[in-house]
Every structure is written in structure tokens, then in C-alpha cells.
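Presented below is the structure to which this report refers.
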Amino acid sequence: MPRLIKVSLYMRSLLCITATLLILSSCKSTKEFTGFSYDPPDVTNTTDKEITPQPRRTIGVGSPKVWVSNEFDGARLNDFYALNDSTFEILIAPENAPINNSPWYGFKIWSDSVRMAKIQLNYEDATHRYVPKLQSWVWPDSAWQEQFELPVEYDTANGTATFDILLAEDPVIISAQPLNTSSLVKKELSERGIIDKKFTALRKAGLSKKGRPIWELEITEVKKEEKAPVLAIISRQHPPEVTGYLASLIFLEELTSDTEIAREFRETFVVKAFPMLNPDGVDLGHWRHNAGGIDLNRDWKNFNQPETGIVRDAFIWIKNHELRRMFYAIDFHSTNENIFYPINEEIQTSPDNITQEWIKEIMEDNPDVKFTVEEFDTSSPIAKNWFYHTFGIDALTYEVDDRIGEQQLSSVSRSAARSLMRLLLDEWDKIALKK
């Protein structure tokens, strides 16, 4: 055989082998997800883990006495000590450990007489993260009114934070974030004009681990016999992530507003929202987990917890519904920056890459706000990825800065809601034109 033909056959064989290896490589499943870099070990084991309930009590120390109490929903305080005549230590421990560094705290504090006090926040299994907010005490059935953030001195070596406060007989609340507990969900939805409209319906979709209601809100002006795409909104899987929860409420405000884009959206889309998925964790003052000691946003594969199962059951029927089609999903969270976690652009969704286009519009509409974008694959058992694996749709984990100001939170959230409505309507029109 001539040498040229031999080389040609060799090259052809080599190309075939290379192509085969590439195909096998591309088909090979991704490595099993065991947790993100900030997750504790065993985070994907979502069977119940033992929690240590905080003792609910009122404690007085020193002379004259300084008092603290955690006897209200959303509180977290494990112990209280007088270090000297003017300095007092508050110990904050998680519901179980190891755990992500989201050390929530909330307590009522007052004194038998007017005095200055130095308060040191000390944590088990964590370092200080949330700037303390001072709030006036109001009746438990009312909203907590945030007044201002307290300046703190942070000890990086010990992970503690210290602040000065003027105490008197009237109690004040110190908390990691404003308290938006589960008993206030319906009230907040009503005050924001979201419910009690002809095109909204609020129902109890199920019960949490401890028997608290999981509320499902539906927004639409589509008739039952008409075809319609579905937008899913989820919030408050993690108790301390209040700014993400507030952003989701502002989204719902925009979706139920009397604007032209909102009316068109409601006449085309069905919105199904779960504003507070972890009411037990919120009311129990948990750092991260539900009453089963589990990170709910790692339970979207096994569905061992009732809260995630309720949402799954609320959407799964759409797979075989002739008149409804899952179209997009948003899972609201909070962290130490405004950050979007989209599905990797290379992964094809239907419709494809809505998130990437939407993020561009959010950034253009809010040029003075810093945003970070970090794409991820779909291997982790989180809400966003469940929607992709179940329905093939695009979805986003939408993270809001813990320290975002009220005005910026409102302007960003409203502009983002409006741009998303326009985008989704355009995508639905494209599908209709193809048919």
C-alpha cells in the first residue's frame, strides 16, 4: 500500500477516534453535586437533621438590670451575660451545625433605668455578617418598623461585633434584618394592593413541617379555556434573606398594577407565586434551615421536606396540561451583593437564554447599581435547576444585596419586573408567530 494512502487511513482513524471521545465526553454526566464552596458537608442529604430549639425566655443581668427577650416570632438569642458593669454579651447559636454563615439574630432589649450599654454579639459556628437594625417595639400583629442601622465595631479575629446603645424602660428590637414573619404575609400582600383583586387568588397550598400555611398566589386574567404560559416566583427559602423577599413583593406589586404592560401580561400569562416557602425557619429565627434542619434549596431532587414538595406538586401537573405551559421561573434570595445566578448560556432552554437578555436590560435600566453575574451548570438540586430539568425552561436565582437601600430596592425591582414582562410577552409572541 502506498505510503500516502497509509497516512490518509491513519488520519481518518485518528479523526474517528477523536470524534468518538468528544461525543462520549459530552454525553458523560456531570460529577455528582455535593455542595457549593460555602456549603457545609452533607448538605444534599435532605432527610431530617436534629435541631436544637432555642429556649424562649426573658433574661435580666447586671445592676441596674438590663433585660433581653426572645419571646416573639423571628427572635434568635441563646444566652445573655454581663461581662462587666457596662458591657453585655449576647450569644447567638444556629438551629444546627455545621451551617452556612448566615447568623440571624433578633431580640428585645431594655433596662430598669436609662443608661448606655455596650452590646457584644458573639456567635457559635459563625462570624458576624448582618449589621444590627434598631426597631421600635410595636404589637406583634403589626409590622416592625425599621428605624436605623447601628454602627458596629467588628472584631475580625473573633468574629464578634460590638455596638453602643441607649437603653430605657421601653423595649426596642435589635435584629439582623427587618422582621417580616409568616403571620404578616397576608397583611403585607394586602397592604401592597396585591390581593383582593378580581384577577388574584390566594390559597393555602399546604402546611410546613410545623403546620404553618404555605401560601400560593395566582395572578392572571387568562380564561381557564385559553392557552397560557406560566411564570413561577419563589421566595424566602432561607429565613434571613429579607431583601430578596421584599424584592419579590415589589415584583408582585408590579404584576398586579394598573399599568398597560401589567394588564397585557395578566391577559397573556399565569403567575404562580410562593412568597414565603420557609415560614417555620422565619418564625423560629433560624439561620438557614427549615424545622427539619434542612436547607430547602438543596432539596429540589429528593423532596424530603414538605415545603419543597408542596411547590413541586403545585407545578408538576402543568407537564401534561394542554392549556398551560411552564415558561420561566425566578427564585428570590439575598446575599452580600446584587448577583444573578443564571443557567449556563450554552445549555439550551425553551425558550432559550431569556435570563441573559433580561440581565442586560436590568443593567441598562440601572446604570448606577453594581451587579454581578455568575453562571452555573444544572447539577445542583436547587429550585432553578428543578424547573429546567422538569420543564426544559430557563430560570434564575435572583440575589439581592443585604444592605440595599429602600429606594434602590424599589427602583431596581420595579424596572426589572417591567422589563421581564416585556421580554416574556415578546418571547410568547414569537412562539405564536411560528405556529
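Heads up: numbering here begins at 1 and tracks the sequence. The analysis underlying the following values was restricted to heavy atoms, covering all of them including side chains, and did not include hydrogens, waters or symmetry mates.
The pair Lys187-Glu191 counts as a salt bridge, with a side-chain nitrogen and a carboxylate oxygen less than 4.0 angstrom apart. Using a 4.0 Å cut-off between charged side-chain N and carboxylate O, Arg418 and Asp365 make no salt bridge. The residues Glu253 and Arg414 are annotated as salt-bridged, a charged nitrogen and a carboxylate oxygen being separated by less than 4.0 angstrom. With respect to the salt-bridge test (charged N to carboxylate O, under 4.0 angstrom), the residues Asp112 and Lys65 do not qualify. Remark: Asp73 does not engage Arg56 in a salt bridge, criterion side-chain N to carboxylate O under 4.0 Å. Using a 4.0 Å cut-off between a side-chain N of Lys or Arg and a carboxylate O of Asp or Glu, Arg288 and Glu241 qualify as a salt bridge.
At least one side-chain heavy atom of Leu202 sits under 4.5 Å from a side-chain heavy atom of Lys186. Side-chain contact check for Lys272 versus Thr220: every heavy-atom pair is 4.5 Å or farther apart. In this structure, the side chains of Leu231 and Val270 stay at 4.5 Å or more apart for every pair of heavy atoms. Using a 4.5 Å heavy-atom threshold, the side chains of His289 and Lys49 count as separate. In this structure the side chain of Arg76 reaches within 4.5 angstrom of the side chain of Glu95, judged on heavy atoms. Contact of the His321 side chain with the Lys227 side chain is not registered, since no non-hydrogen atoms from C-beta on lie closer than 4.5 Å. Counting heavy atoms from C-beta outward, Phe80 and Phe107 have side chains that stay 4.5 Å or more apart.
With Ser410 contributing its side chain and Gln407 its backbone, the two residues share no donor-acceptor pair below 3.5 Å. Not a single donor-acceptor pair under 3.5 Å links the side chain of Gln177 to the backbone N or O of Tyr130. Under the 3.5 Å distance criterion, the side-chain polar atoms of Asn70 are matched with a main-chain donor or acceptor of Arg57. In this structure, Asp394 contributes its side chain and Ile354 its backbone to a donor-acceptor pair below 3.5 Å. Side chain of Asp283 to main chain of Thr181: no donor-acceptor pair is present (N/O by atom type, distance under 3.5 Å, no hydrogens or angles). At least one donor-acceptor pair under 3.5 Å links the side chain of Asp299 to the backbone N or O of Asn304. Judged purely by atom type and a 3.5 angstrom limit, Arg298 has no side-chain atom pairing as donor or acceptor with the backbone of Pro381. Using modelled atom types, one side-chain atom of Gln54 and one backbone atom of Ala75 make a donor-acceptor pair closer than 3.5 Å.
Applying side chain to side chain contact (heavy atoms under 4.5 Å, CB included) to Leu296 and the options Thr46, Ile234, Val311, Thr308 leaves one that passes, Thr308. The only option from Asn158, Asp155, Thr156, Asn101 that meets the side chain to side chain contact (heavy atoms under 4.5 Å, CB included) definition with Thr127 turns out to be Asn101.
Within the model, atoms CD of Glu337 and CD of Glu399 stand 8.5 Å from one another, a figure rounded to the nearest 0.5 Å. A distance of 6.0 Å separates CD1 in Ile343 from CG in Asn385, rounded to the nearest 0.5 Å. Annotation: the span from Ile59 atom CD1 to Asp79 atom CG amounts to 5.0 Å, rounded to 0.5 Å.
Ring centroids of Phe251 and Tyr398 are separated by less than 6.0 Å, placing the two rings close together. In this structure, the ring of Phe88 has its center no less than 6.0 angstrom from the ring center of Tyr81.
Ring geometry for Phe269 versus Phe265: interplanar angle under 30°, hence parallel rather than tilted (30 to 60°). Ring orientation note: the planes of Phe391 and Trp386 are nearly perpendicular, at an angle over 60° on the 30°/60° scale.
In summary, the side chains of Tyr328 and Thr355 do present a donor paired with an acceptor at a separation below 3.5 Å, with no hydrogens or angles considered. No hydrogens or angles considered: nothing links the side chains of Gln237 and Asn290 as a donor-acceptor pair under 3.5 Å. Defined by atom type and a distance below 3.5 Å, a donor-acceptor pair is present between the side-chain atoms of His238 and Asp295.
By the neighbour-count criterion of 12 heavy atoms within 6.0 Å, atom NZ of Lys210 is sparsely surrounded, having that number or fewer from other residues, nucleotides or ligands. No more than 12 heavy atoms of other residues, nucleotides or ligands lie within 6.0 Å of CD in Glu153, so this atom counts as exposed by the packing criterion.
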